[in-house]
Structure formats: structure tokens, C-alpha cells
Novice: 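My questions all concern the structure below.
Heavy atoms only: backbone and side chains are in, while hydrogens, waters and symmetry mates are out.
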Amino acid sequence: MLKTLCRRQFFVAGALAGVVGALGMPAQAQTVIPMVAIDGYPANSMWVKEFSEFFIPRVNERLAATGTYSIAWQEAYGGQIVKPRGVLEGIKLGLGDIGIVTTIFHNSALPSQAISGVTPFVSADARVVARAVDEIATEFPATLEEYAAENQVYLATAVVLDTYQVFSKNQLTDVSDLEGLKVAGAGINLRYLEGIPNAAGVQGGLTDFYNMLQTGVVDAALLWPEAANTYKIAEVAPFMLRADLGAVNTKTVTVNADTWAKLPEEVRTVLREVAIQYRDRVADVAMEEAAASVAAYVAAGGTVTDLSPEARSAWANSMPDIATEWAAGLDAVGRPGTAMLQAYMAKLRAAGQVPARNWDGAPS
């Protein structure tokens, strides 16, 4: 039934509603457009909550201002249609019309989206990173082309975390304490461990981390305080090492390309503009919730230890040059990876960010 819904045509809702004033003119029928919104993560995940409570109402308000179109939303989150890793494929196949793709699961299909992931220890400001990533997508067509190959239209990126930290079962005070540990992560952030002797990255999803820690599959996990609070990580990993690994774009709002082709221009414009507002809203919420989430983690029994600036710098410089590797990989297939990297780092520095490592090779 859901698949059938996703292949439907637009329809005109209702009968004409009487007359308008004394003129006796019939009211114009409003075109109602059904849209299925999907994400595999549960509705209480911050970015899903904001999509449901900010993005959708704002789109509805904008369309109501003209009254020509409205959207009949069907929201399906938390595995109702797809699991967290399945949003890209789900939108590609038309199981959803619009959704939030978790990009870190798709480095092969969406390599340009890894740009902030391959440049850790640069910025812990979600707002700066979100704007920079979106500007790169606008200035370089590689990002849009990657989504087009997945039968999708890119609307905006979303940075849902202020910065990755290390949450562990036992207290860590220095990078050396990570030696020999198994650490849960997702996608490119597992490579942050490669300069640490005998540290082993274990692939997992955010919804898996609690059980992975509880059952001893891993000793620690890379995630951010808001997520740690939402998923009650203090119960199984009561120690946080504040290393400020950096903000990373991990979400993108996309629309199925076949759906997009049928949308009126007014609706397309509203979706694009509200997606940018959603981008900024989510980044603001991420920053607002960061401090409160750390406090909540402590209140739930967690202990926070700060990694020294010297140790943080040493960690950054112990890593392999994953940014240059990423850029060279794109260059090799005819995409401007090096130019994208240089432009991105320049944007962050121009916004006042001070990298612990200049991944583009710029002088310190």
C-alpha cells in the first residue's frame, strides 16, 4: 500500500465550497499534493523532531499564504518504511518522497558529503559547518550530481551535532588511554583512530551504540552529547572525554527526483527555501542543546574529562592524511576534490575557526 501511495498522482481535494461573498463566484479548488516523509531513526531524534515540528509546519504555512497548493503529509519514521541506513535507497526507489539521508553510511555513493568528516579537529560550530558544506554544494556540482545518480534532488545539508566526543565504560584522560580499545563509530570517523596504536574501530549505528557498550562489543563510542543524552549512554558509558573532534554534516534533506519533476514551481521554491531554514534551525538547536546535554549527562551519572590542547593537537597530527586521500580520490575520477577541500577550509578559517591541523596544507 505504501509503495502504491508513492506512485500516485497529485489530486484536487474536495468539492467547490459554495460562493464567495455576494458575487456568487465559486471558490477555487486547492491542489493537494500527497508526500511521504521518511527517516529510519525514531521520531525523538532531534533532527527528525525538527523536521516534523519545524520543517513541515513551515512549508504548510508558506503554501497556505497563497492557497494554491497544500501538502498532505504522511510521516513514517523509526523503521516504519526504512531503517536508518535505508533512507537513500528508499527515496531512490520512491518508498518516500522526501526524507533525511544519513550520509555517513554512504561514502561510496556520496563521497563529496564526507568533506567535514575528513577534516576533524577544525570546528565545533554546527552553524559554520552547515553553511560551508551547503556553499560547497552550490559552488561545485559534484554533490548535486551524486544525488542525481541516486534519483534524488539535494535540498540542504544538516549538521545535527556540535562535536564528536569519546564516551567510554572506563575513564580516559589522554589519547594513550584509547590504545588497545574497541571504539564504536560510523563511516569516516572510524579513521580518527588510525593513529592510535591498537585502537580498533567498530562500525555501528547510533541506535546500536547502547547495546554495543552494554554487551562489551566495544569499550567506547564516538558520538555527541545530545545523542548521548537521548539514548541514555551514561547508563553504559559513564565517562566522556571532551576531545572536540569537530562538527560533521551527517544529514541531507532530499526529494525523490520523479516526485520533484511533478511538483509545481511554487512548491519547489518553498521546499528549497524552508530546507535552508531547517538547516539553520537544526544547527542552532544542536548548539543550544550542547551545553545542556553535557549537564544532563553529568546529572545522569556521567563524568567529563577535558583532553588537553596539546594532546588534542597530537591526536590530530597522528592521523593519516585522510583529507588529502579523500580529495585525491575525487580528483582521480574527474571531480574537483582538491579545490573543494581548499575552498571548504578557507570558508572555515574565514568564519573564525582555528584548525588543530590544516588539512589543505595551508601554513599555520
Novice: Taking N189 for the side chain and G185 for the main chain, is one N or O donor matched with an acceptor at less than 3.5 Å?
Specialist: no
Novice: Is R312 reaching over with its side chain to a backbone N or O of A243, donor-acceptor style, under 3.5 angstrom?
Specialist: yes
Novice: Which distance, rounded to the nearest 0.5 Å, do you find between the CZ of R62 and the CG of L271?
Specialist: 9.5 Å
Novice: Please test Y344 against W359 for ring-ring contact (aromatic ring centres under 6.0 Å, His included), starting from the C-alpha separation and ending with a verdict.
Specialist: CA-CA 10 Å; Y344 177 72; W359 295 98; over 10 Å; no
Novice: Q30 versus T68: any side-chain heavy-atom pair under 4.5 Å?
Specialist: no
Novice: Salt bridge (Lys or Arg N to Asp or Glu O under 4.0 Å) with R281: which of E50, E288, E53?
Specialist: E50
Novice: Assess whether side-chain contact (heavy atoms from CB on, under 4.5 Å) is satisfied between N198 and E179, documenting all intermediate values.
Specialist: CA-CA 5 Å; N198 300 315; E179 294 179 11; 5.5 Å; no
Novice: Measuring only between side-chain heavy atoms, which start at C-beta, is I115 closer than 4.5 Å to V133?
Specialist: yes
Novice: Ignoring hydrogens, what is the shortest heavy-atom contact between T173 and L307? Give both atom names and the distance.
Specialist: O-CD1, 4.0 Å
Novice: Taking it one step at a time, do D174 and S176 satisfy side chain to side chain donor-acceptor pair (under 3.5 Å)?
Specialist: CA-CA 5 Å; D174 191 73; S176 61; 3.1 Å; yes
Novice: Which heavy-atom pair separates N358 from P363 by the least distance, and what is that distance?
Specialist: ND2-O, 3.5 Å
Novice: Is a side-chain N or O of S318 found less than 3.5 angstrom from the main chain of W315, in a donor-acceptor match?
Specialist: yes
Novice: For the residue pair E226 / W224, report whether a side-chain donor-acceptor contact shorter than 3.5 Å exists.
Specialist: yes
Novice: Going by distance alone, is a donor N or O of one side chain under 3.5 Å from an acceptor N or O of the other, for T303 and Q171?
Specialist: no
Novice: Distance from F55 atom CZ to I98 atom CD1, nearest 0.5 Å?
Specialist: 4.0 Å
Novice: Drop me the distance from K347's NZ to D134's CG, to the nearest 0.5 angstrom.
Specialist: 10.5 Å
Novice: Return yes if a side-chain donor-acceptor contact under 3.5 Å exists between D244 and Q165, otherwise no.
Specialist: yes
Novice: So, for A286 and A126, which heavy atoms are closest and what is the spacing to 0.1 Å?
Specialist: CB-CB, 4.2 Å
Novice: Just checking, is any N or O donor in the side chain of T157 or K251 under 3.5 Å from an acceptor N or O on the other one?
Specialist: no
Novice: Going by an N to O cut-off under 4.0 Å, is there a salt bridge joining D97 and K262?
Specialist: no
Novice: So, for D162 and P225, which heavy atoms are closest and what is the spacing to 0.1 Å?
Specialist: OD1-CD, 3.9 Å
Novice: Any idea which heavy atoms bring T103 and N249 closest together, and the distance?
Specialist: OG1-O, 3.6 Å
Novice: When you compare the side chain of M240 with that of T305, does any pair of heavy atoms fall below 4.5 Å?
Specialist: no
Novice: Would you mind listing every ring pair (Phe, Tyr, Trp, His ring centres under 6.0 Å) that reaches into residues 166-206, with sequence neighbours excluded?
Specialist: F167-Y297
Novice: Can a side-chain donor-acceptor contact be found between E75 and Y77 if the only test is distance below 3.5 angstrom?
Specialist: yes
Novice: Could you tell me if the side chain of W260 sits less than 4.5 Å from the side chain of R268, heavy atoms only?
Specialist: yes
Novice: Could you pull out the closest heavy-atom pair between G246 and L161, with the gap in Å?
Specialist: O-CD1, 3.7 Å
Novice: Is the closest side-chain donor-acceptor distance between N60 and W73 under 3.5 Å?
Specialist: yes
Novice: Okay, side chain of D208, backbone of G204: is any donor-acceptor separation there less than 3.5 Å?
Specialist: no
Novice: For E150, is there any backbone N or O sitting under 3.5 Å from a side-chain donor or acceptor partner on Q152?
Specialist: yes
Novice: Is the shortest heavy-atom distance from the side chain of L213 to the side chain of I233 under 4.5 Å?
Specialist: yes
Novice: How long is the straight-line distance from OG1 of T259 back to CD1 of I33, given to the nearest 0.5 Å?
Specialist: 10.0 Å
Novice: Determine whether L172 and F239 make a side-chain contact, defined as any pair of heavy atoms from C-beta on separated by less than 4.5 Å.
Specialist: no
Novice: Do E139 and E135 have side chains that get closer than 4.5 Å, going by heavy atoms?
Specialist: yes
Novice: Kindly indicate whether the side chain of V255, heavy atoms from C-beta on, has any atom under 4.5 Å from the side chain of I91.
Specialist: no
Novice: Looking at M319, is its backbone amide N or carbonyl O close enough to the side chain of R357 to form a donor-acceptor pair, meaning the two atoms are under 3.5 Å apart?
Specialist: yes
Novice: Considering only residues two or more places apart or on different chains, which pairs with a residue in residues 315-335 satisfy salt bridge (Lys or Arg N to Asp or Glu O under 4.0 Å)?
Specialist: E146-R335, R191-E325
Novice: When you check the side-chain N and O atoms of N170 and D219, is any donor under 3.5 Å from an acceptor?
Specialist: no
Novice: If you apply the rule side chain to side chain donor-acceptor pair (under 3.5 Å), what do you find for T252 with Q113, and how did you get there?
Specialist: CA-CA 9 Å; T252 300; Q113 289 283 270; 2.6 Å; yes
Novice: Look up atom CZ in R131 and atom CG in D280, then write down how far apart they are to the nearest 0.5 Å.
Specialist: 6.5 Å
Novice: When the ring centroid of F51 is compared with that of Y278, is the distance short of 6.0 Å?
Specialist: yes
Novice: Rounded to the nearest 0.5 Å, how far does CD of E289 lie from CG of N229?
Specialist: 8.5 Å
